[in-house]
Visitor: 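First the structure, then my questions, so here it is.
Residue numbering restarts at 1 for every chain, and letters A, B, ... go by the order of the sequence lines.
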Protein chains: 2
Amino acid sequence: MTESVLETDRAAGALPNRNSDSHAVAAQFAALSHPARIEILKHLAASNSCCCREVVDRFDLAQSTVSQHLKILVEAGLVRFEPDRQRSRYAVDRLALADVSASLNALVNSCCSGR
Amino acid sequence: MTESVLETDRAAGALPNRNSDSHAVAAQFAALSHPARIEILKHLAASNSCCCREVVDRFDLAQSTVSQHLKILVEAGLVRFEPDRQRSRYAVDRLALADVSASLNALVNSCCSGR
DNA sequence: GCCGTCCATCGTCTATCGCCGATGAACGAT
DNA sequence: ATCGTTCATCGGCGATAGACGATGGACGGC
């Protein structure tokens, strides 16, 4: 997909980017920036693990659309994919999710401590 | 804590219920899903409050672009806007930011209580 | 064999994003 | 009154997101 767009803030150099790597963090937020994906995430967590079809039945979305959303979640590292027969099992990567939460906490902290 | 999951919080109620409305949460994540906006947020926090021009000087972006990013942050409720004479003062809404963090924490928790 | 199911991917469409330059309003200073 | 500065907005452009239907591969069952 798109990697390394926006060298703007990097090339600027004005703020030498003590890296919490806004790119990476932003990318994970982007994966969470769609209501359907949040709902899918919740559903995956509640079911512990489920296949694409199951998600399609749950939500009013075409199979191809659901497949895309799942792919985005997998590529963001928030969901693990495991082929099972001809089914595809998807499961929330709870550690990764906790990691994103930690990133946001760090951002909030840096915003509250001023620096 | 009521962890009966599997609910469709996407109800018809349209109640501005913050923590569970995935649409609202997604919108706030969307505001955070751009590296420039994350950097701007950090800069606002470090400066405690600053005007558009100051942000423009800091980053290698056109003034109109910065203005748009700030508008997005304001509309997401993460940044407060206060017209000050000719300038526009922008400041991080730390409470709102903490709220987003809490939302994500809630999501992570709901995902971890699934099993 | 054949058929049905599950799924990822492709192609296509529209809507929105992200960027910019230009414009004009608002205000302070001269 | 006339600058100079700050800023929000408009219009345009290319790129991307998000949705769908259609296609075809991989399996399991008959």
Visitor: Applying ring pair (Phe, Tyr, Trp, His ring centres under 6.0 Å), which residue pairs with at least one partner in residues 75-110 of chain B are found, sequence neighbours left out?
Guide: B:Phe81-B:Tyr90
Visitor: Expressed as a whole number of angstroms, how long is the span from A:Ile72:CD1 to D:dT16:C1'?
Guide: 11 Å
Visitor: Quick check on D:dA17: is either OP1 or OP2 less than 4.0 Å from any side-chain nitrogen or oxygen of A:His69?
Guide: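 Looking at the OP1 and OP2 atoms of D:dA17, neither is under 4.0 Å from any side-chain N or O of A:His69.
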Visitor: What is the distance from NE2 of B:His34 to P of C:dT16, rounded to the nearest Å?
Guide: 18 Å
Visitor: Rounded to the nearest 0.5 Å, how far does SG of A:Cys52 lie from CD1 of A:Ile40?
Guide: 8.5 Å
Visitor: What is the distance, rounded to the nearest whole Å, between atom CG of A:Asp60 and atom C1' of D:dC20?
Guide: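 Atom-to-atom, A:Asp60 to D:dC20, this comes out as 12 Å.
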Visitor: In this structure, how many angstroms lie between the P atom of C:dC19 and the CZ atom of B:Phe59, rounded?
Guide: 12 Å
Visitor: How long is the line joining NE2 of B:His23 and P of D:dG18, in whole Å?
Guide: 12 Å
Visitor: Kindly state which residues belonging to residues 81-93 of chain B come within less than 4.0 angstrom of DNA chain D, counting heavy atoms of the residue only, listed by number.
Guide: B:Phe81, B:Gln86, B:Arg87, B:Ser88, B:Tyr90
Visitor: Taking salt bridge (Lys or Arg N to Asp or Glu O under 4.0 Å) as the definition, give me every residue that meets it alongside A:Arg80, ordered by chain and number, with sequence neighbours left out.
Guide: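 Partners of A:Arg80 under the salt bridge (Lys or Arg N to Asp or Glu O under 4.0 Å) test: A:Asp93.
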Visitor: Report the residues that fulfil salt bridge (Lys or Arg N to Asp or Glu O under 4.0 Å) with A:Asp84, sequence neighbours left out, ordered by chain and then residue number.
Guide: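 So A:Asp84 forms a salt bridge (Lys or Arg N to Asp or Glu O under 4.0 Å) with A:Arg89.
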Visitor: Is the phosphate of C:dC7, meaning OP1 or OP2, less than 4.0 Å from a side-chain N or O of A:Ser67?
Guide: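 For C:dC7, neither OP1 nor OP2 has a side-chain N or O of A:Ser67 closer than 4.0 Å.
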Visitor: Considering only C:dC6, D:dA8, C:dA8, which nucleotide approaches the side chain of B:Cys52 most closely?
Guide: D:dA8
Visitor: Separation of B:Leu61 atom CG from D:dT6 atom P, in whole Å?
Guide: 17 Å
Visitor: Taking side-chain hydrogen bond (donor to acceptor under 3.5 Å, both in side chains) as the definition, give me every residue that meets it alongside A:Ser101, ordered by chain and number, with sequence neighbours left out.
Guide: B:Asn105
Visitor: Quick one: does A:Gln68 reach the base of D:dA19 with a side-chain donor-acceptor pair under 3.5 Å?
Guide: yes
Visitor: Would you please name every residue forming a salt bridge (Lys or Arg N to Asp or Glu O under 4.0 Å) with B:Arg53, sequence neighbours left out?
Guide: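 For B:Arg53, the residues satisfying salt bridge (Lys or Arg N to Asp or Glu O under 4.0 Å) (neighbours in sequence not counted) are B:Asp57.
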Visitor: Give the rounded distance in Å between these two atoms: CD of A:Glu75 and P of C:dA8.
Guide: 12 Å
Visitor: Among residues at least two apart in sequence or on other chains, which ones pass side-chain hydrogen bond (donor to acceptor under 3.5 Å, both in side chains) with B:Thr65?
Guide: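 In terms of side-chain hydrogen bond (donor to acceptor under 3.5 Å, both in side chains), with neighbours along the sequence ignored, B:Thr65 is linked to no residue.
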Visitor: When the distance from CD1 of A:Ile38 to P of D:dG18 is rounded to whole Å, what number comes out?
Guide: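 In whole Å, D:dG18 P and A:Ile38 CD1 are 12 Å from each other.
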Visitor: Could you work out, with side-chain hydrogen bond (donor to acceptor under 3.5 Å, both in side chains) as the rule, every residue matching A:Asp60, not counting sequence neighbours?
Guide: none
Visitor: Taking N or O atoms only and anything under 3.5 Å, show me the protein contacts with nucleotides 21-24 of chain C, one pair per line.
Guide:
residue : atom : partner : partner atom : Å
C:dG21  : N7   : B:Ser64 : OG           : 3.4
C:dG21  : O6   : B:Ser64 : OG           : 3.0

Visitor: Look at the side-chain N and O atoms of B:Lys71 and state whether any lies under 4.0 Å from the OP1 or OP2 oxygen of D:dT9.
Guide: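 So the side chain of B:Lys71 is within the cut-off, an N or O lying under 4.0 Å from OP1 or OP2 of D:dT9.
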Visitor: About how many Å separate CG of B:Leu32 and CD1 of B:Ile72, when rounded to the nearest 0.5 Å?
Guide: 11.5 Å
